[in-house]
Amino acid sequence: MILLVDLCYRDGSLGFEEFVLPIARIVEGAGAEYRTVHYTRQPGQAARDCDGIILCGTPLMDNGFLGHLALFSWIPETRRPILGICAGMEVLALLAGGRVIPCPGIGMTEVRVTAPDPIFPENRTFEAYELHENACTLPPCYHALAESDRYIQVFRDPDHPVYGVMFHPEVRNEWVVGRFLDAFCRSSLSGSPGDRSLLQFQ
Amino acid sequence: MKLGVLCSGGKDSIYSCGMAMEREEVACLITVHAKNEESYLFHTPNVGLVRLQAEAAELPLVETESAGRKEEEMADLGRALDLARERHGIAGVVTGAILSVYQASRIQRLCRERSLWCFNPLWHTGQEAYMQTLIGQGYEVLVSGVFSEPFDASWLGKRIDARALTLLKQYAEKYRITLTGEGGEYETFVADAPFFSKRIEVVRAETGYRNFRGVYRITDARLVEKNDPAR
């Protein structure tokens, strides 16, 4: 079971279909089950029963979650694999001592892998879709795995499978979610072969 | 939150409008009339009938014109957004974008320049499930234009029902079209939606078709009661 955390401005918002459901479809396509919960609805409790957690993105103008960081205090204690997407990366950065800085990005951009990793296995570039008002500085002890011209695109905690990605993998880079699930949430994939194309670094 | 819905008259913008009405306050529809049929951003067949759709949905309409020249289209759309905010106090915009990064990115930038929220509730939706939902919820979706192989003239004016969807699925598999027509393979016009107080009856239409390209141009239409026995 994969927990998808909705970071949009309110539970049941119009952002849910745009930022949570596309991730849910990828998870389902990979052969895993999922449940969704809004960040104000105690996701820490639901996280206990899950194999992995994905913190989903939000609309460009939707940065309200940054004012409620205390609602994410369950994250450092959960010990589950985590993939934070855009807004989710910003939360991970702040929790780990990094900063969120104004740095808007809209549209396709070139992402360069700088430190190969189980999800991003080769030093090369790929095109990715971004939609953000802010970017993140690298938290102390975290490793930067990929970058674009102006900021870090991917970082991770070197000791635990906790990743932040600034771009939106649901647009043309579904393999990022697929490889995250395959590498760290294998037990959630049992019983279904899923879509193997989701495992290829494209 | 007061929202304006960018409306071409096609199924994706009308369905997105319905979704927005369930969650927020839709203050108006916004449409841009492109004089150029090859417009990059603005869907053109029957866009003039958005006025009737707005009336059916009991929503005000904000209309502007565009020459449909690629480099000026964004400014034309920007004028429409400014007008919608001035007249109706919108705080955000809803679009029917499904897959087009080109379309979505440009509208996101326009909204950001104006500090408007931007929502794309159909973004990367499951295409088959979406088409089935349209049919199941009673949306009356007519094909208003075809622009790719293998569509023949019989598609012009055809209602998208379960049988049409079966054919579209076959086409999607064999000819690599998108099921929803997001790639511009076909265009639609919505004559009825669950949130319309009346439906649109096509009184007269003309068609033109050649080499897998054709348009169903509605030249006369009117609003009728939904329970009209003449339907």
Side-chain angles (χ1 to χ4, degrees), chain A residues 4 6 8-30 34 38 56-64 85-87 102-110 126-134 167-177 195 198, chain B residues 1-6 12-13 15-27 74 81 85 90-130 133 178-180 182:
Chain A
L4 306 183
D6 176 3
C8 293
Y9 57 103
R10 67 170 161 79
D11 197 6
S13 80
L14 201 50
F16 179 81
E17 278 80 1
E18 185 174 350
F19 295 95
V20 181
L21 283 190
I23 301 296
R25 290 188 194 96
I26 299 170
V27 170
E28 221 169 31
Y34 70 88
H38 192 256
C56 300
T58 63
L60 198 59
M61 290 276 288
D62 189 349
N63 295 296
I85 296 170
C86 195
C103 193
I106 300 173
M108 299 304 291
T109 193
E110 192 174 83
F126 59 92
E127 293 284 312
Y129 179 70
E130 57 182 358
L131 182 70
H132 56 87
E133 197 58 52
N134 302 310
F167 63 90
H168 284 262
E170 65 271 28
V171 180
R172 303 184 185 179
N173 290 297
E174 296 92 338
W175 55 270
V176 173
V177 178
D195 179 355
L198 288 173
Chain B
M1 190 187 307
K2 279 189 171 184
L3 300 174
V5 178
L6 294 183
D12 304 334
S13 50
Y15 186 77
S16 295
C17 179
M19 291 175 82
M21 288 170 104
E22 289 173 7
R23 318 282 175 85
E24 302 289 349
E25 179 188 353
V26 173
M74 293 316 294
L81 299 186
R85 180 155 62 183
I90 62 166
V93 166
V94 179
T95 90
I98 299 177
L99 290 170
S100 172
V101 167
Y102 175 87
Q103 185 189 36
S105 304
R106 278 156 182 76
I107 295 172
Q108 290 279 5
R109 286 190 194 104
L110 269 189
C111 288
R112 183 176 182 274
E113 286 163 12
R114 289 162 174 77
S115 297
L116 289 170
W117 290 61
C118 182
F119 294 103
N120 304 284
L122 285 173
W123 192 236
H124 284 247
T125 190
Q127 298 202 25
E128 187 174 344
Y130 163 52
T133 300
T178 57
L179 198 57
T180 53
E182 175 82 347

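Note on naming: letters A, B, ... go to the chains in the order of the sequence lines (proteins, then strands), and numbering restarts at 1 for each one.
Among all heavy-atom pairs drawn from Ser105(B) and Gly107(A), the shortest one is OG-CA, 3.6 Å.
Heavy-atom proximity under 4.5 angstrom to chain A picks out Trp117(B), Cys118(B), Phe119(B), Asn120(B), Pro121(B), Trp123(B), His124(B), Thr125(B), Gly126(B) from residues 117-127 of chain B.
Rounded to the nearest 0.5 Å, atoms CZ (Arg106(B)) and CD1 (Ile106(A)) are 11.5 Å apart. Here the CD atom belonging to Gln108(B) is positioned 5.5 Å from the CG atom belonging to Leu60(A), to the nearest 0.5 angstrom. Between the CZ atom in Arg109(B) and the CG atom in Leu131(A) there is a gap of 10.0 Å [rounded to 0.5 Å].
By the ring-ring contact (aromatic ring centres under 6.0 Å, His included) test, Tyr15(B) pairs with Tyr130(B), Tyr139(B), sequence neighbours left out. With sequence neighbours excluded, the residues forming a side chain to side chain contact (heavy atoms under 4.5 Å, CB included) with Glu128(B) are Gln132(B), Lys169(B), Leu179(B), listed by chain and number.
Of the two parts of Leu21(A), neither the backbone nor the side chain holds a non-hydrogen atom closer than 4.5 Å to a non-hydrogen atom of chain B.
Looking only at heavy-atom pairs under 4.5 Å with chain B, the residue among Met108(A), Arg10(A), Glu170(A) that has the most is Arg10(A).
Applying the salt bridge (charged side-chain N to carboxylate O under 4.0 Å, His left out) definition to pairs two or more places apart or across chains, those involving residues 15-24 of chain A are Glu17(A)-Arg23(B).
A heavy-atom distance below 4.5 Å is found between the side chains of Val101(B) and Arg172(A).
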